[in-house]
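Report on one structure; see the data block that follows.
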Amino acid sequence: MIELEKAYESAKYEDVIYERWEKSAAFVPKISPKKKPFVISMPPPNATGTLHLGHAVMLALEDIMIRQKRMQGYSALWLPGTDHAAIASQSFVEKKLQAQGIKRPREDLGRDKLLEEIKSFVETSKNTIRNQIRKMGASCDWTREKYTLDAGLNHAVNVFFGRMFEDGLIYHGDRIVNWDPRMQTTVADDELEYKEEKTNFYYIQYGPVVIGTARPETKFEDKIIVVHPDDNRYKKLHGKEFEVDWINGSIKAKVITDRCIDPQMGTGAMTITPAHSLVDFELAERFKLEKPRIIDLEGKLLDVAGEFAGMSISQARPKIVEKLKEKGLLVKVDENYVHNIAVNYRGKGVIEPQIMKQWFMDVNKPAIEWKGKRMSIKDVMIDVVESGMIKIVPKRFEKIYFHWIKNLNDWCLSRQIWWGHQIPIWFKVSAEDKKKWSHHPESSSYLLQSLKIKILETRFSESEPADGHWIHDPDTLDTWFSSALWTFSSLGWPEHTDDLTYFHPTDVLETGYDILFFWVARMILASTYCLRYDGLPEERCIPFKTVYLHGLIRDIHGRKMSKSSPETCIDPLEMAKKYGTDAVRLSLIIGNTPGNDMRLNEEKIAGYRNFVNKIWNASRFALLNIPDPQKDVDDIERFIKTGTDRWIVTKLHRLIHEINTDLAKYRFSDGANKIYEFIWGELCDWYLEISKGESMNSDVLLYVLKNVLRLLHPFVPFVTEVIWSKLGNSEMLIGDSWPKYDGGLIYEEDEKKIEIIKEIISSIRSIRADNKIEHTQKIQAVIYAGKSTALLESHKDTIFRMARLENLIIKEEGDKVSKALWKLIGEIDLYIPLEGLFDIKKEIEKLKHQIVETENKLHGLSSRLSNSSFLNKAPAEIVAKEKELMLQLQKELETINQKIKELENL
RNA sequence: GGGCAAUUAGCUCAGUUGGUUAGAGCGCACGAUUCACAUUCGUGAGGUCACAAGUUCGAACCUUGUAUUGCCCACCA
């Protein structure tokens with residue numbers, strides 16, 4: 001006999017179990033031609049972060065898929081890794097250093113030392129996240145773990161860049177970029193946040209027109225007035241040139257027209273500042289205008305500002321306004337103007353648009369041989385989804401994906417930070433320039449421009465070329481550039497290793513929908529480009545076959561969980577410690593449907609902790625009653641004795657079938673719910689209750705228990721593995737096989753009968769409750785006609801047992817069964833006829849109400865069944881069903897009428 | 001401004017191809033409980049499926065419109 005604790009204590013087992021799994025190499029799939037591979041690339045968490053709920057959902061869902069496939073005999077690979085998270089890491093470490101008194105980390109430490117600092121920090125926190133992934137029970141293959149800055153992956157990035165460079169897909173271009181003066185970096189559009197801010201809106205006399213602006217400090221060099229061509233107010237000024245008295249003296253201005261101007265906005269006339277505004281930049285490009293720089297990279301005014309040079313924006317603005325006022329140019333000030341300012345979502349620095357040379361990826365140039373045509377990156381990205389090579393779950397995101405791709409601009413690849421993959425581009429310069437450059441530890445590509453270093457040649461190379469003096473482009477690549485390669489660079493690409501050949505393309509890419517564009521789209525881009533370049537057939541060039549997008553977890557108020565609101569932020573690790581990892585996993589899976597956000601609170605986790613405990617106790621009960629848990633009961637047909645046995649086996653088999661369907665269709669929530677329902681609602685509430693007493697069928701119980709553990713294992717791996725070992729199995733459940741469902745052993749008759757018995761018992765319970773009969777009191781119940789005597793005959797045992805448990809005597813007059821049942825009466829202390837137990841009048845009213853309801857339903861049914869269009873148009877099954885239902889209702893009606901008669905006679 | 005969605009019980013959410021009486025968990029009310037489990041068991045109350053019109057034999061589900069909410073993209077001199 002095996003003794004188990006009264007309650008499952010997750011903390012006692014989880015670490016031990018995980019260690020056993022990992023040591024057993026259960027996570028490491030073998031490359032075998034006999035087995036089919038199933039592969040998931042784990043979206044690499046930031047190496048610097050700690051595990052949050054988003055990761056926990058991701059890990060739970062992927063672990064479910066991997067564990068099931070592994071049990072089904074697939075060679076299941078789940079490849080884990082971490083991401084270097086360029087901007088996040090560098091900004092975190094810089095902040096930390098600043099707190100320690102190193103005010104300007106880049107200048108003070110220089111490139112090598114700062115990188116050293118970041119590296120040591122990342123190494124430490126990488127271990128943290130690794131262990132946190134283990135805590136969640138993730139059965140990933142740690143022997144294949146990768147990190148985006150590993151030498152091999154770095155090489156992959158260089159190869160990718162180099163090929164695109166040679167293909168002419170990567171170019172160095174002038175662009176207005178979102179410059180963050182605080183972090184001294186450019187920021188991708190994706191990484192911007194907009195913040196509403198109330199500010200002054202100034203109306204300033206500019207020659208013959210009044211212009212409106214919120215930013216007078218950028219206007220020193222504004223020489224062009226733009227108006228809408230149809231704006232009558234300014235028609236006579238079109239194309240005119242004139243002298244304007246401006247902030248620092250007089251300048252020459254010109255009027256041009258363009259349709260991008262909104263006449264309703266401000267005065268309908270504006271001057272442009274091409275170097276510090278995207279719209280103005282585009283206008284200047286179109287009209288081939290100069291783009292003088294006004295603000296430097298620190299956010300300070302340059303020499304063109306005259307007396308204001310060197311001031312920061314916030315210092316200068318009031319002074320400039322003051323000067324305009326003195327000169328009589330300030331017309332009026334609107335103090336309630338609200339506009340959106342862009343801030344970097346990391347660090348919240350206010351964005352100052354600047355012109356810079358950046359590396360771009362051309363997404364429109366035809367460059368890939370695809371299905372017999374030469375296509376652009378964009379076209380291929382659309383084709384793989386449109387043609388169904390890649391499916392997105394839920395489907396509606398396919399539309400969103402197409403919409404995004406159609407509006408896709410060239411991808412700005414460079415970042416003015418150091419942590420990451422340094423751009424594999426070298427600039428040939430003079431010896432003198434090289435020397436000048438070496439004095440600047442704070443190098444970034446901007447310095448190349450401001451130091452006026454003359455570039456003699458630009459070359460792609462992984463290492464410094466030998467012929468002459470070279471400067472390595474100091475910038476790094478966008479983090480997503482390396483992440484884009486993840487599915488195949490992590491398998492050894494650019495080498496065509498055995499792993500790459502066997503495991504790629506991966507099967508499912510599971511992630512939150514928030515990074516569909518950041519990451520998913522770019523993986524498709526990189527994979528199709530690189531692998532097609534290698535000459536693989538199209539179907540092998542996709543990174544994955546299915547994209548499953550889970551919903552984001554929100555707090556109880558529907559807000560995104562973030563560290564900025566710690567009061568509502570749920571820490572998955574803390575919850576796992578408190579309630580067990582299994583409970584946390586269930587709470588994140590159940591109720592989570594693809595693409596829809598889910599709110600989570602602690603009570604929900606506690607609820608699933610109760611369920612895990614229920615599994616534990618049901619198993620505990622089973623173990624107390626199973627003499628030999630090692631007995632082979634797989635051929636279950638031989639061990640079935642009663643109708644109840646047949647019923648629970650049927651239910652189990654149906655469950656297996658449903659779980660298979662649900663998991664195959666990515667309905668994780670539904671699947672988990674059905675097992676929950678089966679265990680709590682069928683197995684514990686009924687089968688175990690019915691089994692109590694003398695005639696427990698321990699073989700069937702063992703069969704059900706073992707299969708339930710198998711079904712549960714992907715969802716709640718820890719508790720099931722513990723129980724599995726308590727059963728005396730030497731092999732672990734993780735390596736056991738998934739229950740097979742062949743469609744056999746379904747006993748519909750018994751299924752129906754037990755359902756009826758359940759109904760009878762429930763109604764007895766409710767009678768007891770309605771009439772406040774204590775459970776200790778033995779009562780007699782009368783089962784009315786309608787529940788057939790044949791049923792009672794064939795399920796005598798069950799009824800007897802349940803009757804005992806319910807302290808119930810069943811009487812059915814004139815029946816064979818009742819004779820046997822009457823024998824029971826001898827054992828009864830107290831005999832209370834059922835009729836005496838309730839308020840007859842009330843009961844009759846209730847029944848009459850039932851009659852009205854039933855008649856209404858019957859009325860509806862019969863009118864439908866007499867409707868010729870229904871009979872002609874509705875499917876035959878539906879009609880048959882409705883007919884059957886009508887007969888049933890008619891019978892029910894009779895029964896109720898009979899009941900009323902009986903009651904009235906009392 | 002463009003796009004995508006959501007609206008179902010007090011709360012959080014399911015509801016698969018349109019098909020019988022719309023479900024679950026939590027919460028609430030009442031009751032039980034030595035015999036696997038108080039992390040338990042039983043019973044119950046609680047719904048005009050946001051609103052309106054349409055298609056259909058039949059609509060929570062399909063169509064159109066309205067309202068509210070959320071998200072994404074763009075713009076904001």
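Numbers restart at 1 for each chain; the letters A, B, ... are given by sequence-line order, proteins then strands. Side chains are part of it too, since the values below use all heavy atoms of this structure and drop only hydrogens, waters and symmetry mates.
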No-hydrogen, no-angle side-chain donor-acceptor test under 3.5 Å, A/S669 and A/N592
no

Of all the nucleotides listed (B/G19, B/A77, B/A36), which has the minimum atom distance to the side chain of A/L688?
B/A36

Near RNA chain B, which residues from residues 657-666 of chain A have a heavy atom under 4.0 Å away?
none

For A/E677, what residues pass the salt bridge (charged side-chain N to carboxylate O under 4.0 Å, His left out) criterion, not counting sequence neighbours?
none

Look at all strands and tell whether A/A214 reaches a base, only sugar-phosphate, or nothing, counting heavy atoms closer than 4.0 Å.
sugar-phosphate

For A/K604, report the nucleic acid contact type (base, sugar-phosphate, nothing); a contact means any heavy atom under 4.0 Å.
nothing

Going by modelled atom types, is there a donor-acceptor pair between the base of B/C37 and the side chain of A/K614 at under 3.5 Å?
yes

Base, sugar-phosphate alone, or nothing: which one does A/G607 contact when heavy atoms must sit under 4.0 Å apart?
nothing

Give a yes/no on whether any side-chain N or O of A/R396 is located under 4.0 angstrom from OP1 or OP2 of B/C4.
no

Should the pair A/K12-A/E5 be classified as a salt bridge under the 4.0 Å nitrogen-to-oxygen rule?
yes

Using 30° and 60° as the class limits, which term best fits the ring planes of A/W246 and A/Y206: parallel, tilted or perpendicular?
perpendicular

Pair assignment for B/C26, Watson-Crick or G-U wobble, requiring both distances under 3.5 Å
B/G10

May I ask you to say what A/T273 touches in the nucleic acid, namely base, sugar-phosphate or nothing, with a heavy-atom cut-off under 4.0 Å?
nothing

Are a donor atom and an acceptor atom from the side chains of A/D597 and A/Y513 found within less than 3.5 Å of each other?
yes

Closest to the A/K399 side chain: B/C41, B/U16, B/C4?
B/C4

